[in-house]
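Before any comments, here is the structure.
All of these numbers come straight from a predicted model, not from anything done at the bench.
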Amino acid sequence: MRKTHPVNALKKLGIGLAFGAATIMSMPTSALACTQMYMGKDLTADGSTYYGRTEDIGTRYLKHYGIEPSHGPGHTYSSDESGFMYTSTKTTYRYSYVRDHPAEWHGRWDAYSEAGINEKGVSCSATLSTSYNDDAKAADPTTEHAHKANPEVKNTGIGEYSYAGVILGESATAREGVKLIGSLIDEQGVYSNDQLIIADNNETWLFAALSGHQWIAMKLTDDVASVNPNISNLNFQVNLNDTENCLHSEGIQTMPEEKGFAKYFEDGQFDVAQTYGASINNTRMGSWARYIQGRDYFMAPLTEGTDYEIVKDKNDATLGAMVHEMQPLFFQPSKSDWNTFELIRAFGNRGENVPGLNANTDGVSSIGSDRNAEANLFQIRKGYDPEVATIQWEMLSCAEFSVAIPLYSALMTEVSPYFSDQTVDYGHCSETDIVNNEEPENSINYVLMDINSLCFANRAQFATSVRAYLDALQNELIEQNKEVDAAMLAETTPEGRTALANKAGKAATENTYVKCKALLQEMRAYLKAEDFNEPFTPSDLNTETHGLKQSITYAKDALATDPVTPDQPGTPDQPGNPDKPGNPEKPGNPEKPGKDDAATTVTTNKKNTKGGLPTTGDRFDGRMAAAFAIAGVAVISAGGYFLYRHNKE
């Protein structure tokens with residue numbers, strides 16, 4: 001039996017929606033705002049499988065793309081969020097990562113590898129933060145919750161700090177990665193409720209940490225799509241006995257049955273999501289707004305009034321949405337020719353075509369938020385050689401005004417010097433006057449961050465023309481990557497493929513940097529002139545063709561016979577562990593990354609440190625804050641656990 005939708009119940013009881021909304025929203029008010037997406041190969045124009053996610057954490061939050069070298073046996077993975085530790089018994093695999101700056105983690109360089117591909121072609125996007133219900137928490141708490149309740153219980157669980165690093169460093173196939181993480185949860189427990197996707201050239205798996213020691217992983221089919229904005233109980237049915245397509249903890253069904261909180265579908269099948277997930281009443285309205293936006297974007301829309309209600313406060317400010325009944329994790333779009341550009345732009349979706357849930361006009365939560373720190377999209381060509389099967393399309397800032405750079409991450413051993421590394425000055429994150437104060441030199445990370453900040457602050461002046469320009473640039477990268485890809489597939493030697501991957505990554509990044517830096521400088525000049533009578537138009541934008549006036553040279557540079565010699569910022573340094581003390585209650589900081597017994601040399605950006613570290617805190621929409629005040633909610637968690645777990649310290 002499905003429970004009555006809470007908003008409809010409140011209407012029937014004659015209770016005001018302002019009070020009802022406050023009741024529903026009186027849970028932790030974090031930025032649980034990441035959005036995970038999947039599109040099976042039967043639904044795409046080129047036959048590729050696509051998956052990825054946005055990471056939402058806070059405005060102006062710096063991320064870094066880099067390469068972790070291989071390490072000899074005995075390499076230890078540890079965490080700064082828990083006491084988790086795992087020591088490898090073999091030579092680890094080289095892998096790409098998207099990591100936080102050490103300033104966020106007591107000076108540690110290994111924090112939260114998040115998105116990458118290893119040399120065996122295994123990719124991972126982690127994590128989508130979820131939650132569990134009170135029954136599951138009481139029966140099998142996460143190690144964090146168990147430790148808080150009883151300090152004598154050790155907080156050893158693996159969490160988002162470590163998932164991707166362990167998977168990519170240790171796994172030769174996606175299935176291996178699933179089994180490894182599952183075994184570590186069996187042995188040490190899990191720190192937090194999360195979902196992540198692990199894939200290779202043949203299989204794509206959705207892994208979910210359900211409670212302290214219970215987990216499930218499902219092999220995703222080629223004929224479905226999925227959008228999940230931090231909702232833990234979206235419906236799905238799975239055969240727990242089908243070990244080819246489903247792996248799980250031993251007690252996934254027996255434990256809740258013994259504890260008396262197991263739930264079932266009408267046909268009697270065990271319902272994993274409803275057994276462990278938070279109830280519909282305890283799912284944030286912002287998450288449902290993003291789910292509705294995503295379903296609309298992928299042409300499988302929900303209907304207002306029939307499927308959901310828009311919730312407003314007594315001042316008619318939109319708070320979000322609530323559905324009438326639980327929605328599916330997987331669905332069928334109404335078309336089957338989704339292309340790379342459309343899937344990249346899905347992460348910038350702000351509900352523009354959903355009346356009442358348009359973030360630009362209604363102030364609601366959106367997939368393309370100013371809180372995006374990065375977005376990753378993996379394009380997998382099933383059956384290809386593992387090292388070339390997956391292309392990583394990486395955006396290192398808010399997705400609405402960013403460009404996804406194509407990277408053959410499984411092969412890369414060198415990183416463009418235009419990706420600033422973990423030694424870069426972190427102080428620019430807290431810069432309030434980015435018109436007059438430029439970012440550290442040669443940092444595509446900061447350039448995209450500043451473009452987004454100016455667009456969000458001056459939407460009327462910039463949004464339309466800047467997005468048109470970035471779309472034109474994105475389309476050229478996609479088209480020219482087809483030429484690069486043909487050359488990559490034609491190359492048969494490992495050495496030749498690695499050389500091309502390094503060269504292509506540098507060429508794509510440099511071309512993107514040059515175009516975006518010039519755009520940013522024009523935006524700054526426009527604001528400084530203070531003459532807004534003429535609309536802003538990038539000088540390189542052809543307004544008739546909607547393309548670039550001067551095309552990029554990505555493919556030409558990548559495929560040139562002579563090595564590309566970009567305008568190098570300087571002699572790159574190896575990223576290291578800044579000289580900062582670690583957390584005395586946690587395992588010691590790993591040694592500075594470098595060339596281990598089986599290490600691969602990694603080229604990164606020149607060190608650029610100026611000091612000054614900002615404090616990252618929570619914030620939420622003013623309308624939502626007003627709604628809390630109206631409803632009389634006295635406590636608002638402004639720096640709370642769910643903003644992003646590692647920021648609690």
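Within 6.0 Å of NZ in Lys517 there are more than 12 heavy atoms belonging to other residues, nucleotides or ligands. Within a 6.0 Å radius of NZ in Lys179, no more than 12 heavy atoms belonging to other residues, nucleotides or ligands are found.
Ser113 and Glu68 share no donor-acceptor pair across their side chains, judged by distance under 3.5 Å alone. Defined by atom type and a distance below 3.5 Å, a donor-acceptor pair is present between the side-chain atoms of Asn155 and Thr143. Side-chain polar atoms of His428 and Asp450 form a donor-acceptor pair below 3.5 angstrom. Counted by atom type alone, Tyr50 and Asp46 present one or more donor-acceptor pairs between their side chains at under 3.5 Å. In this model, a donor atom of one side chain and an acceptor atom of the other lie less than 3.5 Å apart for Thr87 and Thr76. Side-chain polar atoms of Arg345 and Thr340 form no donor-acceptor pair below 3.5 angstrom. Between the side chains of Thr509 and Tyr65, no donor N or O sits under 3.5 Å from an acceptor N or O. In summary, the side chains of Arg60 and Ser453 do present a donor paired with an acceptor at a separation below 3.5 Å, with no hydrogens or angles considered. Checked by atom type, the side-chain pair Asn201/Thr390 shows no donor-acceptor distance below 3.5 Å. In this structure, a donor-acceptor pair under 3.5 Å is absent between the side chains of Glu510 and Tyr554. For the 3.5 Å distance criterion, the side chains of Glu144 and Tyr191 qualify, holding a donor opposite an acceptor. Using modelled atom types and a 3.5 Å distance limit, the side chains of Thr553 and Asn511 yield a donor-acceptor pair.
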*Please assess Asp540 against Leu519 for the test side-chain contact (heavy atoms from CB on, under 4.5 Å), listing each intermediate value before the final yes or no.*
CA-CA 8 Å; Asp540 191 36; Leu519 170 66; over 6 Å; no

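Interatomic distance, CD of Glu160 versus OG of Ser192, reported as 5.0 Å (0.5 Å rounding). Taking CG of Asp421 as the start and CD1 of Ile67 as the end, the distance is 12.5 Å to the nearest 0.5 Å. How far CG of Leu559 is from CD of Gln480: 9.5 Å, rounded to the nearest 0.5 Å. Atom-to-atom distance recorded for His101:NE2 and Asp425:CG is 7.5 Å, nearest 0.5 angstrom. With rounding to the nearest 0.5 Å, the separation of CG in Asn442 from OG in Ser420 is 9.5 Å. Met488 CE to Ile391 CD1: the interatomic distance, rounded to the nearest 0.5 Å, is 8.5 Å.
Side-chain atoms of Lys41 and Ser48, non-hydrogen and from C-beta on, never get closer than 4.5 Å to each other.
A distance-only check finds a donor-acceptor pair linking the side chain of Ser430 to the backbone of Gly427 [under 3.5 Å]. When atom types are taken as modelled, the side chain of Glu394 and the backbone of Asn376 share no donor-acceptor pair closer than 3.5 angstrom. Side chain of Arg53 to backbone of Gln36: no donor-acceptor contact under 3.5 angstrom is found. Judged purely by atom type and a 3.5 angstrom limit, Asn502 uses its side chain to pair as donor or acceptor with the backbone of Thr413. Remark: the backbone N or O of Cys34 is paired with a side-chain donor or acceptor of Arg290 at under 3.5 angstrom. No side-chain donor-acceptor contact under 3.5 Å links Gln392 to the backbone of Leu407. Counting only distance, with no hydrogens or angles, the side chain of Asn452 and the backbone of Leu448 share a donor-acceptor pair below 3.5 Å.
Partners of Glu479 under the side chain to side chain contact (heavy atoms under 4.5 Å, CB included) rule, at least two apart in sequence or in another chain, are Lys482. Checked against side chain to side chain contact (heavy atoms under 4.5 Å, CB included), Ser171 has the following partners two or more places apart in sequence or in another chain: Ile167, Glu176, Leu180.
Taking the six-membered ring wherever Trp is involved, the centroid distance between the rings of Tyr161 and Tyr112 does not fall below 6.0 Å. If you look at His75 and Tyr77, their ring centroids are closer than 6.0 Å. A distance of 6.0 Å or more separates the ring centres of Tyr51 and Tyr38.
Scanning both residues, Leu196 and Ala126, for their nearest heavy atoms gives CB-CB, 3.7 Å. Of all heavy-atom pairs spanning Ser70 and Thr92, the tightest one is OG-O, 2.6 Å. Between Asn372 and Cys398 the shortest heavy-atom distance is O-SG, 3.2 Å. When all heavy atoms of Asn445 and Tyr418 are compared, the pair lying nearest together is OD1-O, 4.0 Å.
The ring-ring contact (aromatic ring centres under 6.0 Å, His included) pairs that include a residue from residues 383-416 are Phe401-Phe456, where partners are two or more places apart or lie in different chains.
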